[in-house]
Amino acid sequence: MNYWLMKSEPDGFGIDHLQARPKRTAPWDGVRNYQARNFLRDGMRKGDLAFFYHSSCAAPGIAGIVKIVRAGYPDHTAWNPDGEHFDPRSSPANPIWYMVDVQLVREFRHPITLAALKQHPALRHMKLLQRGNRLSVLPVSAPEWNTILKMEKSARQP
DNA sequence: GCCAACGTTGGC
DNA sequence: GCCAACGTTGGC
């Protein structure tokens with residue numbers, strides 16, 4: 001099993017939106033970056049876990065945990081000319097973009113802020129924290145994953 | 001709103 | 001294949 005981090009803007013699709021979905025499940029569509037696409041298509045497996053990260057907001061940080069419940073499959077929003085994620089180069093015969101389905105596992109009562117992540121020495125080398133990183137889908141190492149879970153636990157039971 | 005950092009595009 | 005211009009991301 002592998003661990004990941006997936007970014008979304010809470011104003012567009014936040015963890016509360018996922019919570020409100022039937023079966024708390026939604027497709028993670030609209031990714032239009034090749035490196036992130038490769039993680040979605042080739043890296044993620046059903047059963048993998050990911051942090052749900054809120055970006056471009058007042059308090060950026062990790063808001064909860066999701067599970068990959070369907071591995072990579074073609075992102076059909078690229079084929080809708082009226083949609084905001086339309087890409088005329090992609091077709092059902094030759095899809096360019098991929099998505100996965102995620103299911104909410106748990107929403108953090110106390111989100112782990114980006115500022116808190118930056119302060120933790122064990123997370124110094126986390127991809128999320130490297131300068132200039134803009135990928136919306138990132139791998140997380142097992143030690144990093146466990147460190148963050150501990151941070152969340154201690155925030156929960158001080 | 002600003003700006004740094006990065007990815008993509010397209011001319012040559 | 002190079003590289004300048006442009007667009008996007010995302011923290012602050």
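Not measured: the values here are computed from a predicted model. To find a chain, count down the sequence lines: A is the first, B the second, and so on, and within it residues start at 1. Heavy atoms only: backbone and side chains are in, while hydrogens, waters and symmetry mates are out.
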Only distances under 3.5 Å count here; give the side-chain donor-acceptor pairs of residues 49-68 of chain A to other protein atoms, sequence neighbours excluded, each with its distance to 0.1 Å.
unit_1 : atom_1 : unit_2 : atom_2 : d
A/H54  : NE2    : A/I15  : N      : 3.0

>> Going by salt bridge (Lys or Arg N to Asp or Glu O under 4.0 Å), name the residues that satisfy it together with A/R45, two or more places apart in sequence or in a different chain.
In response: none
> Going by heavy atoms closer than 4.0 Å, what residues in residues 52-62 of chain A are next to DNA chain C?
Replying inline: A/Y53, A/S55, A/S56, A/P60
> Got a sec, which residues hit side-chain hydrogen bond (donor to acceptor under 3.5 Å, both in side chains) with A/S141, two or more places apart in sequence or on another chain?
Replying inline: A/E144
>> Using the salt bridge (Lys or Arg N to Asp or Glu O under 4.0 Å) criterion, which residues pair with A/R32? Sequence neighbours excluded.
In response: A/D75
> By side-chain hydrogen bond (donor to acceptor under 3.5 Å, both in side chains), which residues pair with A/W79, not counting sequence neighbours?
Replying inline: A/S90
> What are the two closest non-hydrogen atoms of A/R156 and A/H110, and how far apart are they?
Replying inline: CA-CD2, 4.1 Å
> In residues 113-127 of chain A, which ones come under 4.0 Å of DNA chain C, going by heavy atoms?
Replying inline: A/L114, A/K118
> Contact boundaries of DNA chain C with chain A (under 4.0 Å, heavy atoms), 5' to 3'?
Replying inline: C/dG7 to C/dC12
>> Applying a 4.0 Å non-hydrogen cut-off, can you work out what A/R89 is touching in the nucleic acid: base, sugar-phosphate, or nothing?
In response: sugar-phosphate
>> Parallel, tilted or perpendicular: which one describes the rings of A/W145 and A/Y3, with boundaries at 30° and 60°?
In response: parallel
>> Tell me every residue that passes side chain to side chain contact (heavy atoms under 4.5 Å, CB included) with A/N133, counting only those two or more places apart in sequence or in another chain.
In response: A/K7, A/L128, A/L135, A/L138
>> What's the angle between the local helix axes at either end of the helix from B/dG1-C/dC12 to B/dC12-C/dG1, using five pairs per end and rounding to 10 degrees?
In response: 10°
> Under the 4.5 Å side-chain heavy-atom rule for ILVMFWY, direct or indirect, which residues accompany A/W97?
Replying inline: A/Y34, A/I96
> Going through the checks in order, is the side-chain contact (heavy atoms from CB on, under 4.5 Å) test met by A/K118 and A/L114?
Replying inline: CA-CA 6 Å; A/K118 281 179 174 173; A/L114 177 61; 4.1 Å; yes
> Linking Ile, Leu, Val, Met, Phe, Trp and Tyr by side-chain heavy atoms under 4.5 Å, what else ends up with A/V69?
Replying inline: none
> Is the closest side-chain heavy-atom distance between A/H76 and A/M99 below 4.5 Å?
Replying inline: yes
